[in-house]
**Q** 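Dropping the structure in here first, questions after.
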Amino acid sequence: MALQLTNTLTRRTETFVPLEPGKVSIYCCGVTVYDLCHLGHARSYIAWDVLRRHLIWSGYQVTFVQNYTDIDDKILNRAAAEGSSMETVSERNIEAFVADMASLNILPADRMPRATQSLDGIRALISELEAKGAAYSADGDVYFAVMKHAGYGKLSGRDLAEQQSNADGRVADVEEARKQHPFDFALWKGAKPGEPSFPSPWGAGRPGWHIECSAMVRAELGDTIDIHLGGADLIFPHHENEIAQSEAASGHELARYWLHNGMVNVGGQKMSKSLGNFTTIRALVESGVSAMTLRLFVLQAHYRKPLDFTPEALDAAATGWKGLNAALQLTAATGPAPQDANKPQPEIPQPEIPQAGGFPWADARSRFAAALNDDLNTSAALAVLFELAKPLRALANRIERGDPAAAAEAHQSELVARCVLLQELASVLGLKIETEPAKADAGSNGHPGAGDAEIQAQIEARLAAKAAKNFQEADRIRDGLKAQGIELIDKGGGLTDWIRA
RNA sequence: GGCGGCAUGGCCAAGUGGUAAGGCAGAGGAUUGCAAAUCCUUUACCCCCAGUUCGAAUCUGGGUGCCGCCUCCA
């Protein structure tokens, strides 16, 4: 089955056909770099990362461009508040963005243009629009005239006449008064005193938000691209305006497919900076939630539906990930060596990997592919992963316990084939092995708790007590350690492991 | 008010005409000195009403509830 995608533009799920066979050009709206990314951003970019990985896995040559908006009121406000500059705030948050995306195992975009580096293209585009009569200037600002563009509203389903009457009752501020239509939006904003500005034919100022993306798409990928991505909250006005600008200038369709992801909700409300109900990726990871747990949490829901963020759901994902991770760890020990990490797309195997024919689960690969082809049904795809992983995690556990027969079983051809397949499919979802955090530094970073040596001594004492059938003493030691946050795990062969709970 | 979307077991969530995937939690069992961890087994007729159909969670109409966008937002 060919890839089906739900296109916001047509409100239909359509078969994906690229402009050029075998190649896909993608533009993904990035972040305004005034603060750290939160779970909502993570959801969006994980979803699109899976789209990208799936396309690569399917044999497409993908060009993925994502922008940074590094000129914006919010950045200026932040800079003013902390007494630094726009550049300082931007640079810091771009660095954080790169790190956060990497921690979530999101493939870096092929190119990441910035608004501040795209000014020539922006000015050229505004000039073109002006020459075509689609833009007008007013007091140093330049606006796009929505009434001059037939088809304005086609993405979001808005009707200009209707919206105008709706807007009539609103309070019109100074900026509103300059507009010919309430939906007209700024292409260029005249400089305000004390703010950074850039020269232009319309006077010093800075670009509006929407024009940045139009200019960057054009500079990086051309007039028409295959897929344009973004959050559902960008449909209007951002993407609507982007279409209007680009199509008014070029006369060509901007993007064939528009994909939008659903929001992350908290208590039934959208997670957002303005509501203040957000949790940053960083805060989650620092609180001990693993990156792959976040990935699993996000991928268990369909990308277009709203996703509720609750501690319970996150716990469920953490436990679920533990099982998959155990299977993947066995896979790493059994399967073929990982590929060269320096290759451009190192983690995504190409489709030539041999089929695991002959086994009852041999159709797992095609079921997985069918799930992703069905408008990125990651939830159904994950079900295939869990199915493959089940016997592997059981085996991993037996090996862990020192079962000698288990180690031999791991090399049976069926299990090896299963491992190879699991590894391949997991990589398409961007799920990768997470190793246990090191125990060594615990206790030394301000947290009260026993040092390793002391814990080991206690374990020895308890084992001795157990051997002497002094279970009361053994339990006393265990409870004592538990009070310090140390949990003991008895394993086969008289061994005891421990974890910091 | 306009546009769009969603309602499936205790929680999260697939499934778009043929008799309910998966994860988590729960229950029973195995294992354990007891635990923990782990493994095995197991748990739903799909918001309400009406209709179409041999047959509907899935289609149609109506109702109710919830969410997003209409200002910056992934």
Side-chain angles (χ1 to χ4, degrees), chain A residues 8 11 13 28-32 34 37-48 69 72-74 153 155-159 162-163 165-167 170 176 182-183 209 229-238 240 260-265 268-275 278 296-297 299-302 304-324 326 367 371 374 377-387 390-391 393-398 400-401 466 469-472 474-475 478-479 482 487-492 496-499 501:
Chain A
T8 307
R11 292 166 188 84
T13 303
C28 178
C29 275
V31 286
T32 300
Y34 73 103
C37 287
H38 58 63
L39 189 57
H41 300 106
R43 198 242 175 132
S44 184
Y45 299 138
I46 287 170
W48 307 139
T69 296
D72 181 84
D73 282 336
K74 288 179 177 175
L155 182 72
S156 59
R158 252 149 260 257
D159 181 274
E162 210 166 73
Q163 297 289 332
S165 61
N166 266 341
R170 289 194 195 160
E176 290 297 317
F183 274 13
W209 175 36
L229 306 171
D233 51 356
L234 297 185
I235 296 172
F236 189 90
H238 185 55
E240 193 71 72
H260 293 97
N261 64 276
M263 301 294 100
V264 172
N265 289 165
Q269 268 194 315
K270 174 181 155 184
M271 176 180 287
S272 72
K273 294 277 174 64
S274 44
L275 286 172
F278 61 91
L296 186 64
F297 170 68
L299 295 178
Q300 275 187 307
H302 185 90
R304 268 188 299 109
K305 285 196 176 184
L307 173 60
D308 261 317
F309 173 62
T310 62
E312 295 75 27
L314 203 58
D315 280 348
T319 313
W321 168 243
K322 215 166 127 190
L324 276 182
R367 282 187 289 126
D374 180 16
N377 189 342
T378 50
S379 185
L382 277 169
V384 177
L385 248 59
F386 278 106
E387 182 190 312
K390 198 170 187 180
R393 60 189 286 200
L395 185 63
N397 186 249
R398 283 170 56 205
E400 170 83 9
R401 288 159 157 274
K466 274 176 69 176
K469 303 273 186 212
N470 185 354
F471 297 122
Q472 208 176 0
D475 288 348
R478 183 170 60 193
D479 291 344
K482 195 171 183 178
E487 193 139 4
L488 296 187
I489 302 165
D490 284 341
K491 304 209 285 195
T496 296
D497 200 0
W498 61 275
I499 55 167

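Values reported hereafter were calculated over all heavy atoms of this structure, with side chains retained and with hydrogens, waters and symmetry mates removed. The chains referred to below are lettered A, B, ... by the order of the sequence lines, with proteins before strands, and numbering in each begins at 1.
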**Q** Distance check needed: B:C39 P versus A:Arg398 CZ, whole Å only.
**A**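 My rounded result for the distance is 12 Å.
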**Q** Just how far, in rounded Å, is C1' of B:C67 from CG of A:Leu275?
**A**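 That distance rounds to 13 Å.
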**Q** If you measure from the P atom in B:G51 to the same atom in B:U58, how many Å do you get, rounded?
**A**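 My reading of the P atoms in B:G51 and B:U58 gives 15 Å.
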**Q** At less than 3.5 Å, do the side-chain atoms of A:Arg478 and the base atoms of B:C34 form a donor-acceptor pair?
**A**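 Present.
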**Q** Touch check for A:Tyr45, heavy atoms < 4.0 angstrom, all strands: base, sugar-phosphate only, or nothing?
**A**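 A:Tyr45: backbone/sugar contact only, no base atoms under 4.0 Å.
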**Q** Between B:C11 and B:G61, how far apart are the C1' atoms? Round to whole Å, please.
**A**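 These two C1' atoms come out 33 Å apart once rounded.
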**Q** Between B:U52 and B:C12, how many Å separate the two C1' atoms, rounded to a whole number?
**A**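 It comes out at 34 Å once rounded to the nearest Å.
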**Q** A:Ala313 side chain: which of B:A74, B:C39, B:C12 is closest?
**A**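 My answer, after comparing the listed nucleotides, is B:C12.
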**Q** Just to be sure I understand the rule, does A:Phe471 reach a base, reach only the sugar-phosphate, or reach nothing, if contact means heavy atoms closer than 4.0 Å?
**A**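 Here A:Phe471 touches the bases of the nucleic acid.
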**Q** Please state the P separation for the pair B:A20 and B:C45 - nearest whole angstrom.
**A**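 Those two atoms are separated by 11 Å.
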**Q** Please classify the nucleic acid contact of A:Ala232 as base, sugar-phosphate, or nothing, using heavy-atom distances under 4.0 Å.
**A**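 No contact.
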**Q** Which part of the nucleic acid does A:Gly40 contact within heavy-atom distance under 4.0 Å: base, sugar-phosphate only, or nothing?
**A**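 Base, at least one base heavy atom under 4.0 Å.
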**Q** Between A:His238 (NE2) and B:A74 (P), how many Å, whole number?
**A**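 Atom-to-atom, A:His238 to B:A74, this comes out as 9 Å.
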**Q** Paired with B:U38 by Watson-Crick or G-U wobble geometry, both distances under 3.5 Å: which nucleotide is it?
**A**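 Per the H-bond distance test, B:A30.
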**Q** Say you pick atom P in B:C59 and the same atom in B:U38; how far apart are they, in whole Å?
**A**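 Between the two P atoms, the distance is 40 Å.
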**Q** CG/A:Asp72 to NZ/A:Lys74 distance, rounded to the nearest 0.5 angstrom?
**A**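 Rounded to the nearest 0.5 Å, the CG-NZ separation comes out at 7.0 Å.
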**Q** Where the side chain of A:Arg478 meets the backbone of A:Leu488, is there a donor-acceptor pair that is under 3.5 Å apart?
**A**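 Not confirmed, A:Arg478 side chain does not pair with A:Leu488 backbone.
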**Q** For B:C46 versus B:A7, give the span between their C1' atoms, rounded off to a whole number of Å.
**A**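 Straight-line distance between the two C1' atoms is 10 Å.
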**Q** Of all the nucleotides listed (B:G15, B:A74, B:C34), which has the minimum atom distance to the side chain of A:Asn377?
**A**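 Comparing B:G15, B:A74, B:C34 against the side chain of A:Asn377, the answer is B:G15.
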**Q** Closest to the A:Pro237 side chain: B:C72, B:C6, B:A74?
**A**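 In terms of side-chain proximity for A:Pro237, the closest of B:C72, B:C6, B:A74 is B:C72.
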**Q** Can you tell me the distance, in whole Å, between the CG atom of A:Leu234 and the P atom of B:A74?
**A**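 One finds 6 Å between P of B:A74 and CG of A:Leu234, rounded.
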**Q** Could you check whether A:Asn261 gets within reach of a base, just the sugar-phosphate, or nothing at all, counting any heavy atom under 4.0 Å?
**A**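 Touches a base.
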**Q** For B:G55, what is the paired nucleotide under Watson-Crick or G-U wobble rules, both distances under 3.5 Å?
**A**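 Its partner is none (no Watson-Crick or G-U wobble pair with both distances under 3.5 Å).
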**Q** Any chance you could measure A:Thr310, atom OG1, to A:Asp315, atom CG, to the nearest 0.5 Å?
**A**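 Spacing of OG1 (A:Thr310) from CG (A:Asp315) equals 8.5 Å.
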**Q** Has A:Lys270 got its NZ or CZ under 6.0 Å from the middle of the six-membered ring of A:Phe278, at an angle within 45 degrees of the ring axis?
**A**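 Geometry flag: not set, cation outside 6.0 Å or 45°.
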**Q** Which is it for A:Asn261 and A:Ser44 under the side-chain hydrogen bond (donor to acceptor under 3.5 Å, both in side chains) test, yes or no, and what are the steps along the way?
**A** CA-CA 6 Å; A:Asn261 64 276; A:Ser44 184; 2.8 Å; yes
**Q** A:Tyr34 OH to B:A74 C1': how many Å, rounded?
**A**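 After rounding, the reported distance stands at 11 Å.
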**Q** For A:Leu296 and A:Leu382, which heavy atoms make the closest approach, and how far apart are they?
**A**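 Closest pair (atom of A:Leu296, atom of A:Leu382, distance): CD1-CD2, 3.5 Å.
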**Q** I want to verify a distance call: between B:A36, B:A74, B:G2, whose nearest atom is closest to the A:Ile489 side chain?
**A**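 So the nucleotide nearest the side chain must be B:A36.
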**Q** Side-chain N or O of A:Lys305 versus OP1/OP2 of B:A14: is the shortest distance under 4.0 Å?
**A**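 So the side-chain polar atoms of A:Lys305 do come within 4.0 Å of the phosphate oxygens OP1 or OP2 of B:A14, strictly under.
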**Q** For A:Thr496 and A:Asp490, indicate whether the former's side chain and the latter's backbone hold a donor-acceptor pair under 3.5 Å.
**A**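 Side chain of A:Thr496 to backbone of A:Asp490: no pair is present.
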**Q** For B:A7, which nucleotide in any strand shown is its Watson-Crick or wobble partner with both distances under 3.5 Å?
**A**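 When the pairing criteria are applied, B:U64 turns out to be the nucleotide that pairs with B:A7.
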**Q** A:Lys469 near the nucleic acid: base, sugar-phosphate alone, or nothing, with a heavy-atom cut-off under 4.0 Å?
**A**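 No contact at all - A:Lys469 keeps every heavy atom at 4.0 Å or more from the nucleic acid.
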**Q** Measuring from atom NE2 of A:His260 to atom CG of A:Asp233, what distance do you get when rounded to the nearest 0.5 angstrom?
**A**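 Those atoms lie 9.0 Å apart.
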**Q** Taking the nucleotide of RNA chain B with the nearest heavy atom to each, does A:Leu488 or A:Leu307 sit closer to the 5' end?
**A**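 Comparing both residues, the 5'-ward one is A:Leu307.
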**Q** Please state how far atom CZ in A:Arg158 lies from atom P in B:G4, giving the value in whole angstrom units.
**A**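 The answer, rounded to whole Å, is 10 Å.
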**Q** Measure from CG on A:Asn470 to P on B:C34 and round the result to the nearest Å.
**A**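 Roughly 16 Å, once rounded to whole Å.
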**Q** Base, sugar-phosphate or nothing for A:Gly30? Non-hydrogen atoms, less than 4.0 Å.
**A**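 Contact class for A:Gly30: sugar-phosphate only.
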**Q** By the 4.0 Å heavy-atom rule, please label A:Val264 as base, sugar-phosphate, or nothing.
**A**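 The residue A:Val264 makes base contact.
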**Q** Taking the side chain of A:Ser274 as heavy atoms from C-beta outward, which of B:C72, B:U38, B:G33 is closest to it?
**A**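 Of B:C72, B:U38, B:G33, B:C72 is nearest to the side chain of A:Ser274.
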**Q** What string of B, S and - do you get for nucleotides 19-32 of chain B, 5' to 3', if B is base contact, S is sugar-phosphate-only contact and - is no contact with any protein heavy atom under 4.0 Å?
**A** --BBSSS-------
**Q** Compare the minimum distances between each of B:A14, B:A74, B:A37 and the side chain of A:His302, then state the nucleotide with the smallest one.
**A**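 Out of B:A14, B:A74, B:A37, the nucleotide with an atom closest to A:His302's side chain is B:A14.
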**Q** Nearest whole angstrom, please: distance from the P of B:C3 to the CG of A:Asp159.
**A**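 Value for this atom pair: 9 Å.
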**Q** Between B:A21 and B:U16, how far apart are the two P atoms, rounded to whole Å?
**A**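 One P to the other, the span is 13 Å.
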**Q** Would the distance check show the side chain of A:Thr378 and the main-chain N or O of A:Ala381 forming a donor-acceptor pair, the cut-off being under 3.5 Å?
**A**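 No; zero donor-acceptor contacts below 3.5 Å.
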**Q** Between A:Asn377 and A:Ala380 (side chain of the first, backbone of the second, donor and acceptor by atom type, cut-off under 3.5 Å), is there such a pair?
**A**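 Yes; at least one donor-acceptor contact below 3.5 Å.
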**Q** Sticking with atom C1', work out how far B:A30 lies from B:A13, rounded to a whole angstrom.
**A**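 Between the two C1' atoms, the distance is 30 Å.
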**Q** Looking at the side chain of A:Ala301, which of B:G33, B:A74, B:A14 is the nearest nucleotide?
**A**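 Closest nucleotide among those given: B:A14.
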**Q** Does B:G1 have a Watson-Crick or wobble partner in any strand here, with both distances under 3.5 angstrom, and which is it?
**A**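 Check on B:G1: paired to B:C70, both distances under 3.5 Å.
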**Q** I'd like to know if the side chain of A:Glu240 and the backbone of A:Leu155 have a donor-acceptor N/O pair within less than 3.5 Å.
**A**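 Yes, because the side chain of A:Glu240 sits within donor-acceptor range (under 3.5 Å) of the backbone of A:Leu155.
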